[in-house]
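Here the structure comes first, spelled out in structure tokens, and everything after it is commentary.
All values reported here derive from a predicted model rather than from experimental measurement. Below, chains carry the letters A, B, ... as their sequence lines are ordered, and counting in each starts from 1. We use all heavy atoms of the structure for the numbers below, so side chains are in, but hydrogens, waters and symmetry mates are not.
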Amino acid sequence: HLQLQESGSGLVKPSQTLSLICSVSGVSISSGGSSWSWIRQPPGKGLEWIGYIYHSGNTYYNPSLKSRVSISLDRSNNQISLNLSAVIAADTAVYYCARYLGGSSFDEWGQGTQVTVSS
Amino acid sequence: QSALTQPASVSGSPGQSLTLSCTGTSSDIGTYNLVSWYQQHPGRGPKLIIYEGTKRPSGVSNRFSGSKSANTASLTISGLQAEDEAHYYCCTYAGSATYVFGTGTEVTVL
């Protein structure tokens, strides 16, 4: 049974880097056809796609965040990492990781982790 | 890349049918049959309920159905139940390996 669990820094200062990890159990992140995405939800607002990474390591990012975001695979620990640099208050959100099946289908989600950007 | 437009709220009585709209552009919904819908209850992660416009994942009630006309996708909830009270988000492939979500609709069961 696939499970995803987000973790990381809950409070980040403006201009610093937000770093999160998604721990995956039940399937290898390196298995063919596996792709993984990060999606966020600012307080009281809708969902925003951040980007995704294929099992091969190829990445694709939201154009509005592309200059600041990086997603990578840690195959030895079966984890997916998210780094977002130069954060501002507008980056405050619940951050979710999700399995991406293609065709806009994100079929399994973690519970999400709250990140607040504040000095 | 602008968010897809959804009505902020929709309400209905138990047993009724509700249709939620999701409006994009000719460059996203109008071009690709790749709309998905997600249900989100308070404090929970979203749940996929429709993918590729009309398909339901295993285990999702057949009371949920999806359709599309031109630049607008729709989600219909038939036989509305109290447990359907939640936020609903649409999502579409937007070309160039990017995706965009909708603004979300809050469904209230009266």
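If you chain together hydrophobic residues whose side chains sit under 4.5 Å apart, A:V27 and A:I71 fall into the same group. Taken together through direct or relayed side-chain contacts under 4.5 Å among Ile, Leu, Val, Met, Phe, Trp and Tyr, B:F101 and B:V35 form parts of separate hydrophobic clusters. In the hydrophobic clustering of ILVMFWY residues, with side-chain heavy atoms under 4.5 Å counting as a link, A:L2 and A:L73 come out together. A:I39 and A:I53 fall into different hydrophobic clusters, where Ile, Leu, Val, Met, Phe, Trp and Tyr residues are linked whenever their side-chain heavy atoms come under 4.5 Å apart, directly or through other members. A chain of hydrophobic side-chain contacts below 4.5 Å, direct or via other Ile, Leu, Val, Met, Phe, Trp or Tyr residues, connects B:V109 to B:L75.
Proximity to chain B (any heavy atom under 4.5 Å) is shown, for A:L101, by neither the backbone nor the side chain. B:P57 does not touch chain A: none of its heavy atoms, backbone or side chain, sits under 4.5 Å away.
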Every donor-acceptor pair from chain B to chain A under 3.5 Å, please, each on its own line.
from	atom 1	to	atom 2	distance (Å)
B:L34	O	A:S104	OG	2.6
B:S36	N	A:S104	OG	3.4
B:S36	OG	A:S104	O	2.6
B:S36	OG	A:S104	OG	3.1
B:Y38	OH	A:S104	O	2.8
B:Y38	OH	A:F106	N	2.9
B:Q40	OE1	A:Q41	NE2	3.1
B:Q40	NE2	A:Q41	OE1	3.0
B:Q40	NE2	A:Y96	OH	3.1
B:R44	O	A:Y96	OH	3.4
B:Y89	OH	A:Q41	NE2	3.0
B:Y99	OH	A:Y100	OH	2.1

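Side chains of A:L47 and B:C91 form no contact here, defined as non-hydrogen atoms less than 4.5 Å apart.
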